[in-house]
Number of protein chains: 2
Amino acid sequence: MSNHKTKNALRDYSHIPKVVIKRLSKYHSVLEKLDTEGIKNVSSQNLSHEVHVKASQLRKDLAYFGEFGTRGKGYDVSYLHGVIGDILGLKKEWAVVLAGLGHLGYALVSYRGLEKKGFKIAGIFESDPKKIGRNVHGMRIYSIDDIGRVVKDSDVKIGIITVPVDAAQKVCDAMVDAGIKAILNFAPVILHPRKPIFVEIVDISGELSILSHYLTFHAI
Amino acid sequence: MSNHKTKNALRDYSHIPKVVIKRLSKYHSVLEKLDTEGIKNVSSQNLSHEVHVKASQLRKDLAYFGEFGTRGKGYDVSYLHGVIGDILGLKKEWAVVLAGLGHLGYALVSYRGLEKKGFKIAGIFESDPKKIGRNVHGMRIYSIDDIGRVVKDSDVKIGIITVPVDAAQKVCDAMVDAGIKAILNFAPVILHPRKPIFVEIVDISGELSILSHYLTFHAI
DNA sequence: GAATGTGAACGTTTTCACAGCA
DNA sequence: TGCTGTGAAAACGTTCACATTC
């Protein structure tokens, strides 16, 4: 193949399948573990096995973005970890805001894994006047009315919604108005953003429905 | 409305795509909302629009399981809600066990949505001796050593893991040994069950990675 | 020799377009 | 006429198999 040098630059990274990105995130975690264990090199065979996918799929996933391995040898663990971190956007520190400091919101605020991946909570929004103005884990709790300012001040692009169902759409609207570009929604309701932003859903009941369907029709 | 004959009985419900089940779960939620609003009838057009999918996709999804609508009219809201509930296995009350009563575990224990979908927490497992033997929301907290008995007594098929990363594999093994057939895993690690059971993953860092990849390569 | 990278084959899911029915 | 149900086509994602490279 010619054009080896400019190849990566010519690629279009914008409509990679979401499943690929999900798997990339798993490779990233496993590579991180291998790296801390001092393992220097890994084959597509070994790495893919850890993630329960086929070796050819791992190689195809990486092929969307370029060539990162050495034939006959495998992948440099630390290098590939870095490359995937870049692809996932984890080299930047992302400021996020979180709305709803119930049990779930508190769980996420306390979850150290977010910081490890470069997500920093720039503000927490609550409707309960008793909580507003206080601090939790060193983070300030605001009224939703202040979201525009906080988003602007900290250049926030991502919002996390952990409010009750009935408040979710209202909060979504406030986030979109404030300039949020992507939302992670934990409320069990389908959001209809006024502008076409990116919404990821974490639906616990949905996941449990899959399990119960599986148990009903497969093997009990 | 009852011309469905033996067609349904002939179908094989066992390897329906997981995406279809996920969407079914969303249709189910929306139908529930419409039902409580007193809406009697809905077209594939209207229902699919609520869930952000194409009308043809909704119809194809339902076609896996049978014919439930009336040509020229649409779907009976209450009837279709019931049908999908059956398909998802929500007519049965599923006993589940939850391991790990940290913030996230506590959030799920307090989450009334589980009961609404027919999931009842039969036992909570903790490693902290100070919590063992106590009650939370009327539910008993056990040592993981008791999981075999609890699973047997309550005929539990589903386990939820909300323990820290380092303990997750050990808990997974204990659940599989106890006879659990399906696991919902919130720990940020890939589980390797000793037997080939069904594992669903809720990976918050993974979902956030998708958002950050999107923001990096699409529109910031 | 060993393991990557990739075109081609394959399988699955989505969408189209319209026949069939109330 | 209006809307479902469904074959056929298109789009998409996965796996195979092997040429390529170290």
Side-chain angles (χ1 to χ4, degrees), chain A residues 1-5 7-8 10-12 14-24 26-27 31 34 39-77 79-80 83-84 87 210, chain B residues 1-5 7-8 10-24 26-27 31 39-77 79-80 83-84 87 210:
Chain A
M1 317 270 143
S2 50
N3 256 1
H4 217 200
K5 201 171 45 177
K7 200 170 182 181
N8 292 354
L10 292 173
R11 288 183 189 262
D12 176 11
S14 67
H15 46 55
I16 311 288
K18 233 153 74 168
V19 273
V20 172
I21 305 301
K22 273 208 167 130
R23 286 194 298 266
L24 242 42
K26 292 180 186 169
Y27 307 149
L31 286 164
L34 296 178
I39 292 162
K40 294 272 177 272
N41 194 273
V42 71
S43 66
S44 62
Q45 189 66 236
N46 291 167
L47 178 52
S48 65
H49 185 259
E50 281 297 301
V51 183
H52 301 305
V53 303
K54 291 238 169 14
S56 56
Q57 180 157 71
L58 163 55
R59 297 201 301 272
K60 255 289 195 282
D61 286 347
L62 295 178
Y64 277 105
F65 304 95
E67 302 185 9
F68 310 110
T70 310
R71 292 168 196 227
K73 193 152 179 290
Y75 301 92
D76 182 282
V77 168
Y79 172 65
L80 188 59
V83 164
I84 295 179
I87 294 168
I210 291 179
Chain B
M1 134 153 14
S2 33
N3 56 333
H4 310 121
K5 20 190 171 180
K7 199 170 180 184
N8 293 354
L10 293 174
R11 291 184 186 258
D12 175 12
Y13 286 11
S14 66
H15 46 55
I16 310 288
K18 233 153 72 170
V19 273
V20 172
I21 305 300
K22 274 209 168 129
R23 286 194 298 266
L24 243 41
K26 292 180 188 167
Y27 306 149
L31 286 164
I39 291 161
K40 294 272 177 271
N41 195 273
V42 71
S43 67
S44 63
Q45 190 65 238
N46 290 169
L47 179 51
S48 65
H49 184 257
E50 281 298 300
V51 183
H52 300 306
V53 303
K54 290 233 165 24
S56 57
Q57 181 158 69
L58 163 56
R59 296 199 302 269
K60 257 285 195 285
D61 287 345
L62 295 178
Y64 277 104
F65 302 96
E67 302 185 10
F68 310 110
T70 308
R71 292 170 195 225
K73 189 148 183 293
Y75 301 92
D76 182 284
V77 169
Y79 172 66
L80 189 59
V83 164
I84 295 179
I87 294 168
I210 292 178

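Owing to the predicted nature of the structure, the values given are computational and were not obtained by experimental measurement. In what follows, every chain begins at residue 1, and chains take the letters A, B, ... in the order their sequences are listed.
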Nearest-Å distance for atom pair [atom1]/[atom2], residues [X] and [N]:
{"X": "B:Asp61", "N": "C:dT15", "atom1": "CG", "atom2": "P", "value": "10 Å"}
{"X": "A:Glu67", "N": "C:dT6", "atom1": "CD", "atom2": "C1'", "value": "9 Å"}
{"X": "B:Leu62", "N": "C:dT13", "atom1": "CG", "atom2": "C1'", "value": "16 Å"}
{"X": "A:His49", "N": "C:dA3", "atom1": "NE2", "atom2": "P", "value": "15 Å"}
{"X": "A:Leu47", "N": "C:dA2", "atom1": "CG", "atom2": "C1'", "value": "17 Å"}
{"X": "A:His15", "N": "D:dC12", "atom1": "NE2", "atom2": "C1'", "value": "12 Å"}
{"X": "A:Arg59", "N": "C:dA3", "atom1": "CZ", "atom2": "C1'", "value": "7 Å"}
{"X": "B:Tyr79", "N": "D:dT4", "atom1": "OH", "atom2": "C1'", "value": "14 Å"}

D:dT6, D:dT4, D:dT15: which one has an atom nearest the side-chain heavy atoms of A:Lys54? D:dT15
Shortest side-chain distance from A:Val19, nucleotide among C:dT13, D:dG13, C:dT6: D:dG13
Establish whether the base of D:dT20 is bridged to the side chain of A:Arg71 by a donor-acceptor pair shorter than 3.5 Å. yes
Donor-acceptor pair present, A:Lys60 side chain and C:dG7 base, under 3.5 Å: yes
Would you please confirm or rule out a distance under 4.0 Å between OP1 or OP2 of [N] and any side-chain N or O of [X]?
{"X": "A:Arg23", "N": "D:dT14", "answer": "yes"}
{"X": "B:Ser44", "N": "D:dC3", "answer": "no"}
{"X": "A:Tyr75", "N": "C:dG5", "answer": "yes"}

Can you check whether A:Asn41's main-chain N or O pairs, donor with acceptor, with A:Asp76's side chain at less than 3.5 Å? no
How about B:Phe65 and B:Tyr13: are their ring centres within less than 6.0 Å of each other? yes
Using the rule given for side chain to side chain contact (heavy atoms under 4.5 Å, CB included), can you reason through A:Leu47 versus A:Leu80, listing the C-alpha separation, both sets of side-chain angles and the distance that settles it, and then say yes or no? CA-CA 11 Å; A:Leu47 178 52; A:Leu80 188 59; 4.1 Å; yes
Nearest-nucleotide comparison on DNA chain D, the residue closer to the 5′ end among B:Gly72 and A:Lys18: B:Gly72
DNA chain D nearest-nucleotide lookup for A:Thr70 and A:Gln57: closer to the 5′ end is A:Gln57
Kindly indicate, with the supporting measurements, whether the criterion side chain to side chain contact (heavy atoms under 4.5 Å, CB included) is fulfilled by A:Tyr75 and A:Leu31. CA-CA 10 Å; A:Tyr75 301 92; A:Leu31 286 164; over 6 Å; no
Side chains of A:Tyr64 and A:Ile87, heavy atoms from C-beta outward: is any pair under 4.5 Å? no
